[in-house]
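Given the structure is predicted, the values throughout are model-derived calculations rather than measurements. To find a chain, count down the sequence lines: A is the first, B the second, and so on, and within it residues start at 1.
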Protein chains: 2
Amino acid sequence: MNLKQLSELLGLSQTTVSRALNGYPEVNEATRERVLQAVKETGYRPNKAAQRLATGKAGSIGLVMPTAPDHYSDVHFGEFLTGLGEEAVRHDFHFVIMPADPNDEVGALRRLAISGNVDALFVAYMRAHDPRLPMLKSLSMPFLVHGRSIGSEPDYPYLDIDNEAAFYDAARLLLQLGHTRFALLNGPGHLDFAIRRKNGLVAALAERGLSLPEDCMSHTSMTDELGQSAMERFLQMPERPTAILCSSTVLALGAIRAVNQAGLKLGEDISLIAHDDVLPHLKPENFSVPLTTTRSSLRAAGVRIAQRLIGTVKQDGPFPEQELWKTELIVRASTGPAPRQDQNLGGV
Amino acid sequence: MNLKQLSELLGLSQTTVSRALNGYPEVNEATRERVLQAVKETGYRPNKAAQRLATGKAGSIGLVMPTAPDHYSDVHFGEFLTGLGEEAVRHDFHFVIMPADPNDEVGALRRLAISGNVDALFVAYMRAHDPRLPMLKSLSMPFLVHGRSIGSEPDYPYLDIDNEAAFYDAARLLLQLGHTRFALLNGPGHLDFAIRRKNGLVAALAERGLSLPEDCMSHTSMTDELGQSAMERFLQMPERPTAILCSSTVLALGAIRAVNQAGLKLGEDISLIAHDDVLPHLKPENFSVPLTTTRSSLRAAGVRIAQRLIGTVKQDGPFPEQELWKTELIVRASTGPAPRQDQNLGGV
DNA sequence: TGCTTTTGTCAAAGCGCTTTGGAACGGCGT
DNA sequence: ACGCCGTTCCAAAGCGCTTTGACAAAAGCA
C-alpha cells in the first residue's frame with residue numbers, strides 16, 4: 001500500500017493525504033479524520049526511503065561507539081544507549097552506530113557526518129580540550145554533547161550534570177562529619193567529568209585548608225576490579241583516608257569489597273560516597289551497607305538528549321541549548337562521623 | 001555533487017556512471033577508470049536515500065535490544081554489538097536498534113520488520129521453543145539467529161557455538177582428573193545456551209553413572225555478584241562440590257571471590273572451568289589463578305553474523321545457513337586433580 | 001559482402017514521498 | 001452584481017538514484 005493507492009481509495013489527491021498525515025493546517029478536520037481512519041484500516045505506512053529522499057532528512061542520529069580490540073564495552077554506555085533508544089523509537093528515529101577506535105573519534109565522526117545517513121550527531125566521553133568540538137562546529141550539522149569539555153569555549157550545545165557541585169557537596173558533607181583524610185576513586189583522568197569531580201572535591205577541601213595528596217587519587221576505567229585494587233592501595237597507606245569519593249557505583253562495588261576484606265566497617269571506619277548513574281542492577285540501597293550517593297540517571301540523560309536532538313532535527317529548529325543538571329545527594333548508611341582516632345589526629 | 005552533475009562533467013550519461021560505480025560488466029574498463037578518478041577528485045558520494053528508494057534496500061539490519069526499567073545492559077550484549085558494528089561499518093551498513101521489553105520481543109521484532117527500514121533481522125538470547133522463530137519465518141525477510149532454540153524445528157538460519165560439546169568436554173576433563181562432585185553456575189535457565197550446557201555436563205556425568213543434584217545447579221543472570229552468592233551456597237554444602245562449570249567469566253569472577261573468602265585454593269580444593277566469551281577486560285589468563293576455559297569469541301560471532309546477514313541482503317541471495325562453532329578447551333591453572341579426600345570417598 | 005552478436009552507451013521511466021503554485025468554491029463586503 | 005478572501009483541494013514538479021529497453025558501433029561469422 002502506498003500513498004497513491006491510498007489516495008485513490010479515498011478519492012483524494014496524494015497532496016491532501018500527505019498533508020493530512022503530516023499535520024498540516026490546510027486540510028479539513030473531517031477529511032483528516034477520514035484519512036486517519038483509512039490508514040488504520042489499510043495499515044498504510046509511508047515509505048521511509050521516499051520520505052528521506054523528498055525531505056532530505058534521514059530520521060536518524062549518529063553516534064560513535066568507542067571500541068577497540070581491548071576496549072571494554074562498558075555498562076554505562078549500554079545504559080545510556082537504552083535511554084536514547086527508548087526515546088528514539090517513539091519518534092521512529094533510529095541511530096547509526098559507528099564503532100570506532102577511541103583514538104580516531106574525530107575521523108569516525110566526520111565520516112558519519114558526510115555519509116549522509118544521519119541528521120544529527122551525538123558525542124560523549126568528552127575530554128579536556130576535546131578535538132571533536134571544533135570539528136563538529138565546522139560541520140553545520142546539529143549535534144549535542146553529553147558532558148562538556150573543560151578548556152573549550154562553552155559555546156556548543158550540551159547536556160551535562162554538575163559534576164563539580166556534586167562532589168563539592170559530597171565532600172562538604174564528609175567534612176561536616178569530621179573527616180579530614182580524603183581519597184578519590186575517579187574515572188579515567190583525561191575525561192572531563194573526572195576532572196570536574198576532582199575539582200569539586202579539591203575546592204571543598206581547600207575551603208578548610210586541606211588538600212588532596214597525589215597518592216589519594218586513583219584514575220582508572222570504571223570497573224569493580226580496578227575499584228578494588230585502588231581501594232586496597234588506599235587502605236595500606238600509613239595514614240589511611242577515612243572518606244572516599246567514588247565516581248561510580250561499579251567502582252564502589254570493588255572498593256567495598258576491599259574494605260570488607262580489610263576487616264573494616266563501611267560507614268564507621270570508612271565513609272564512602274559514590275556517584276550513582278542509576279544502573280538497574282546496581283542499586284545503592286541494595287548494598288549490604290546502603291550507599292550514600294550523588295545521583296543522576298544516565299538513562300534519563302539519554303532520553304533527554306534524544307528528545308532534544310530529535311526536536312532539533314524535526315523542526316529544523318534552532319540548535320539545542322545548554323543544560324546542566326544538578327545531582328541529588330542522597331544520604332544512606334555508608335557515611336558516618338569520622339572515627340575517633342581520626343578526630344584526635346585530624347583537623348587543620 | 002550528484003550523479004547528474006558528475007555525469008555531465010564527464011560527458012557521460014547517468015546510466016553509465018551509475019553502472020561504472022556499481023561494478024556492472026557492460027562498461028568499458030577505461031571509462032570506469034575515468035569515472036572512478038572523477039569520483040576521487042570531486043568527492044562525490046551517492047545519496048543513500050535515493051539509492052534506497054531506487055533499490056528498495058535499506059542497507060541496514062535490525063535488532064532488538066532487550067531493555068526494561070530493571071534490565072541490566074549487560075557486557076555480553078555490548079561485546080557482541082561491537083563485533084556486529086565492526087563488520088557493518090565496512091559495508092556502509094548500519095543497524096536499527098529497537099529497544100524493547102524482553103517480554104515483548106515478538107512485537108518489537110514485528111514492528112521492526114514492517115517499519116520498512118531494515119533489510120534483515122538479527123535475534124539473540126534464544127529460548128527453548130522460542131516464539132520469535134515462527135514469527136520470523138512468516139515474515140519473508142532474511143534473518144539470522146545467534147544461538148538456537150531447543151524444541152524448535154532446526155530449519156532456520158543460525159550461528160551458534162556447540163555449547164553441549166563444550167561443557168561435555170569440560171566435564172570429561174574434570175572427570176578424568178578424578179572429580180565426582182560437580183556443580184554448575186549457569187546463565188538464566190530459560191535460555192537455550194544454558195540448557196545445552198547443562199545437557200552437556202549431565203551427559204558426561206551420566207557416562208560415569210553420575211548425576212547432577214538439583215541443588216548443585218544455579219541459574220542466574222551472569223553478573224559477578226550472583227556468581228559469588230551462588231558459589232557461597234555451593235561451598236556451604238556438607239559434601240561440597242570440587243568441580244565447577246561456569247557459564248561466563250563474569251560469573252567466575254564472583255565465584256572465585258567466594259572460593260578465596262572460604263580460604264580454599266582454586267585449582268587444588270576447587271577446580272573450575274568457565275566459558276570464556278573473550279571479554280577484553282576479563283581475560284582468564286589474568287586471573288590470579290589463570291582460568292581453564294572453553295573459549296569462543298563473542299565479538300567474532302558478531303562479525304561473522306554481520307558478514308552473513310549483509311551478504312544475504314546484498315546479493316538478495318539465498319538465506320544464510322546454519323553454522324556451529326566448536327569451542328576451544330584451554331587448560332590453565334584453575335583445574336587440577338580432585339583433592340585426596342574426594343578420591344577416597346569418590347569414584348563410581 | 002551481408003548477416004547476426006556482442007559491446008558500450010543513452011534516454012527515459014520509475015521508486016514513493018513532499019511541496020510549490022494554482023484553481024475551484026463559497027462567503028463577505030460594497 | 002462584482003471583486004476579494006480564506007479555505008480546501010489538486011496537478012505536477014521535483015528529490016537522486018537504478019534499471020529497462022533501445023540503439024549505434026564494433027566484431028564475429030558465413
Asker: Find the distance A/R34:CZ to D/dT8:P and express it as a whole number of Å.
Answerer: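 Taking atom P of D/dT8 as the reference, CZ of A/R34 is at 14 Å.
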Asker: For the pair made of NZ in B/K57 and P in D/dG16, what is the distance, rounded to whole Å?
Answerer: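 Atom NZ in B/K57 sits about 23 Å away from atom P in D/dG16.
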Asker: For B/N47 and D/dC17, is the shortest distance between a side-chain N/O and OP1 or OP2 below 4.0 Å?
Answerer: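 Result: no.
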Asker: Looking at A/D160 and A/R148, is any side-chain nitrogen of the basic one under 4.0 Å from a carboxylate oxygen of the acidic one?
Answerer: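 Yes.
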Asker: Taking atom types as modelled, find out whether B/S13 and B/T16 have a side-chain donor-acceptor pair closer than 3.5 angstrom.
Answerer: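 Yes, a side-chain donor-acceptor pair sits under 3.5 Å.
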Asker: Check the phosphate of C/dT19 against A/Y24, side-chain N and O only, distance under 4.0 Å to OP1 or OP2. Yes or no?
Answerer: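 Yes, within the criterion.
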Asker: Provide, to the nearest angstrom, the distance between the CD atom belonging to B/E26 and the P atom belonging to C/dC10.
Answerer: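 Atom-to-atom, B/E26 to C/dC10, this comes out as 13 Å.
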Asker: With respect to the phosphate group of C/dA11, does any side-chain polar atom (N or O) of B/T15 fall under 4.0 Å of OP1 or OP2?
Answerer: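 Indeed not, no polar side-chain atom of B/T15 lies that close.
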Asker: Can you identify which nucleotide, out of C/dT9, D/dT18, C/dT18, has its nearest atom closest to the B/V27 side chain?
Answerer: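 Of the options given, the side chain of B/V27 lies nearest C/dT9.
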Asker: Are any of the side-chain heavy atoms of A/F77 and A/E79 separated by less than 4.5 Å?
Answerer: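 The answer is no, as the side chains (C-beta and beyond) never meet within the 4.5 Å cut-off.
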Asker: Rounded to the Å, how far apart are A/L3 CG and D/dA11 P?
Answerer: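 A/L3 atom CG is separated from D/dA11 atom P by 14 Å.
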Asker: Quick one: is B/N28 getting a side-chain N or O under 4.0 Å of the C/dT7 phosphate, OP1 or OP2?
Answerer: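 Checking B/N28 against C/dT7: no side-chain N or O falls below 4.0 Å of OP1 or OP2.
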Asker: Just to confirm, is there a sub-4.0 Å distance from OP1 or OP2 of C/dC10 to any side-chain nitrogen or oxygen of B/T16?
Answerer: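 True: B/T16 side-chain N/O within range (under 4.0 Å) of C/dC10 OP1/OP2.
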Asker: Between A/Q14 and D/dC10, does any side-chain N or O lie under 4.0 Å from OP1 or OP2?
Answerer: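 For A/Q14, the contact criterion (side-chain N or O under 4.0 Å from OP1 or OP2 of D/dC10) is not met.
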Asker: Under 4.0 Å between a side-chain N or O of B/S18 and OP1 or OP2 of D/dT18?
Answerer: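 Yes, B/S18 has a side-chain N/O under 4.0 Å of OP1/OP2 on D/dT18.
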Asker: Please determine, by modelled atom types, if A/R34 and A/Q37 share a side-chain donor-acceptor pair under 3.5 angstrom.
Answerer: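 No donor-acceptor contact under 3.5 Å links the two side chains.
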Asker: Whole Å only: how far is the CG atom of A/L12 from the C1' atom of C/dT18?
Answerer: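 Result: 16 Å.
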Asker: In this structure, how many angstroms lie between the P atom of D/dA12 and the NZ atom of A/K4, rounded?
Answerer: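 Result: 12 Å.
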Asker: Of the listed nucleotides (C/dT18, D/dT18, D/dA11), which one gets closest to any side-chain atom of B/T55?
Answerer: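 It is D/dT18.
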Asker: Starting at CZ of A/R52 and ending at P of C/dT19, how long is that distance when rounded to a whole Å?
Answerer: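 About 16 Å, once rounded to whole Å.
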Asker: Taking for each residue the nucleotide of DNA chain D with the nearest heavy atom, is it B/A54 or A/A54 whose nucleotide lies nearer the 5' end?
Answerer: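 Result of the comparison: A/A54.
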Asker: State plainly whether the residues A/E87 and A/R304 are in salt-bridge range, i.e. N to O under 4.0 Å.
Answerer: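 So A/E87 does not pair with A/R304 through a salt bridge.
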Asker: Provide, to the nearest angstrom, the distance between the CD atom belonging to B/E33 and the P atom belonging to C/dG8.
Answerer: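 It is 14 Å, rounded to the nearest whole Å.
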